[in-house]
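Throughout, residue positions are numbered sequentially from 1 according to the sequence presented. Just so it is clear, the model here is predicted, and its values are computed rather than measured.
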Amino acid sequence: KFAHLRLACRTEMKPYYTSKLWWCGITLLGLGELGNFAAYGFAPIALVTPLGCISVIGSAFISVLFLKKTMKAADILGGTLTVTGTYLLVTFAPNVPQELTARQVENYLVSWPFLVYSILEIIIFCILLYFYKRKAVKHIVVLLMMVALLASLTVIAVKAVASMITLSAKGKMQLTYPVFYIMIVLMATSCAFQVKFLNQAMHLYEVTAVVPINFVFFTTSAIISGVIFYREFQSAALLSVFMFLFGCLLSFLGVFVIARNKKEEHLQIPFIDCGHIPGQKLTGKIQPDSHSSCYGTLNNEDDLVKSPS
């Protein structure tokens, strides 16, 4: 964002990919996602996924430092709720063994709870896809529910792949099993379709609406998939489960407060004076639409002098 703003202020416009600052940001983003991927190999899904709310707090503080945004009371309230929820998540997260072998993943794939869950998920996804394709229903809930359903498969595959790579690095080779490559294909496919539907939601709705709803749907779906597939809360005490869910609720509220406090900002786009365009006879000015690539229709002089026959 900082790189885009700096490029927009220059008199000579250059492509964003020529900026060293932009590449620095992309590199840091890639390193962060790589760390997030590795975390699934060492911690439960129910812990790693909700901690994504930390990125929302980080973005709020970084925007104050680099983008010169104003810290508001809502930001402080949302940050406090999120930090409190994060503390509860870390404290009451399920304590289960994280070393998953290829054989264990194969057994989980054919277990009846996961098979029932998969069938229900496929049915719900097909119903949503029918309304999306056939009925042209593109409500934000429909789009983000499809993203969440795909995300549940993504996190299952990511944890399996990360765990098998971790064990292989320790000397217990797991990369020779076919299930490893099945999980890689599942991870890549589900992730690609997630991006498709998430981009559609971002195109149709404001970021302030998409970010919190997607976080809640994604986190809930990931936790449910971890509970069913990896049985993460199988031996957890009732109090631990309650406090963990309460921590999730506080994190959700914190993200909603922070995201809803941010208003969509557009760069100032200069007006185009059509009176100075040769061959055009217009006295008004046309302002580009920020939601479209079109500037409007210009009438030619020839069309103005033609009379109906």
Side-chain angles (χ1 to χ4, degrees), residues 26-53 55 94 96-111 113-126 128-129 143-170 172-202 214-232:
I26 289 296
T27 303
L28 291 174
L29 184 62
L31 290 174
E33 291 303 320
L34 184 62
N36 191 41
F37 173 81
Y40 282 101
F42 299 95
I45 291 176
L47 175 60
V48 176
T49 308
L51 289 181
C53 63
S55 64
V96 294
Q98 297 306 314
E99 288 193 352
L100 295 170
T101 64
R103 292 296 184 190
Q104 286 177 304
V105 175
E106 290 174 351
N107 292 333
Y108 287 149
L109 281 172
V110 296
S111 62
F114 178 68
L115 293 177
V116 173
Y117 172 75
S118 299
I119 293 172
L120 290 175
E121 188 172 86
I122 291 171
I123 292 173
I124 295 173
F125 184 82
C126 289
L128 293 173
L129 191 62
L143 291 169
L144 295 183
M145 277 192 68
M146 288 193 289
V147 172
L149 292 174
L150 292 168
S152 65
L153 299 178
T154 303
V155 294
I156 288 173
V158 166
K159 182 170 180 60
V161 171
S163 299
M164 286 187 275
I165 290 177
T166 302
L167 282 178
S168 299
K170 292 179 179 180
K172 302 176 182 179
M173 182 54 63
Q174 305 291 315
L175 308 186
T176 57
Y177 291 88
V179 69
F180 174 76
Y181 301 97
I182 292 174
M183 285 298 182
I184 287 181
V185 172
L186 178 62
M187 178 179 65
T189 305
S190 59
C191 191
F193 281 101
Q194 272 187 80
V195 172
K196 170 184 169 59
F197 293 120
L198 187 57
N199 281 338
Q200 183 73 19
M202 295 289 282
N214 181 59
F215 176 73
V216 172
F217 283 5
F218 179 90
T219 303
T220 304
S221 177
I223 292 174
I224 292 173
S225 64
V227 170
I228 294 175
F229 190 85
Y230 294 109
R231 303 164 191 176
E232 292 183 341

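- A donor-acceptor contact shorter than 3.5 Å is absent between the side chain of Gln200 and the backbone of Leu143.
- Within a 6.0 Å sphere centred on CZ of Phe180, heavy atoms belonging to other residues, nucleotides or ligands number more than 12.
- Side-chain N or O atoms of Thr49 include none that pairs as donor or acceptor with a backbone N or O of Thr219 at under 3.5 Å.
- Listed for the Tyr181 side chain is a donor-acceptor partner under 3.5 Å among the backbone atoms of Leu175.
- When side chains are defined from C-beta on, Ile223 counts as touching Pro50, because their heavy atoms get closer than 4.5 Å.
- Evaluation of the side chain to side chain contact (heavy atoms under 4.5 Å, CB included) rule for Asn36 yields Glu33, Tyr40, Val48 as partners, not counting sequence neighbours.
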Next item on the list: Quick one: do Tyr177 and Met164 satisfy side chain to side chain contact (heavy atoms under 4.5 Å, CB included)? Show the steps, please.
Entry: CA-CA 10 Å; Tyr177 291 88; Met164 286 187 275; 5.6 Å; no
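- In this structure, the side chain of Ser221 engages the main chain of Ala148 through a donor-acceptor pair within 3.5 Å.
- Here the side chain of Lys159 pairs a donor or acceptor atom with the backbone of Ala43 at under 3.5 angstrom.
- In this structure a side-chain-to-backbone donor-acceptor pair under 3.5 Å is present from Ser225 to Ala222.
- For Phe197, the ring-ring contact (aromatic ring centres under 6.0 Å, His included) partners are Tyr132, not counting sequence neighbours.
- Distance alone, capped at 3.5 Å, places no donor-acceptor pair between the Gln174 side chain and the Ser168 backbone.
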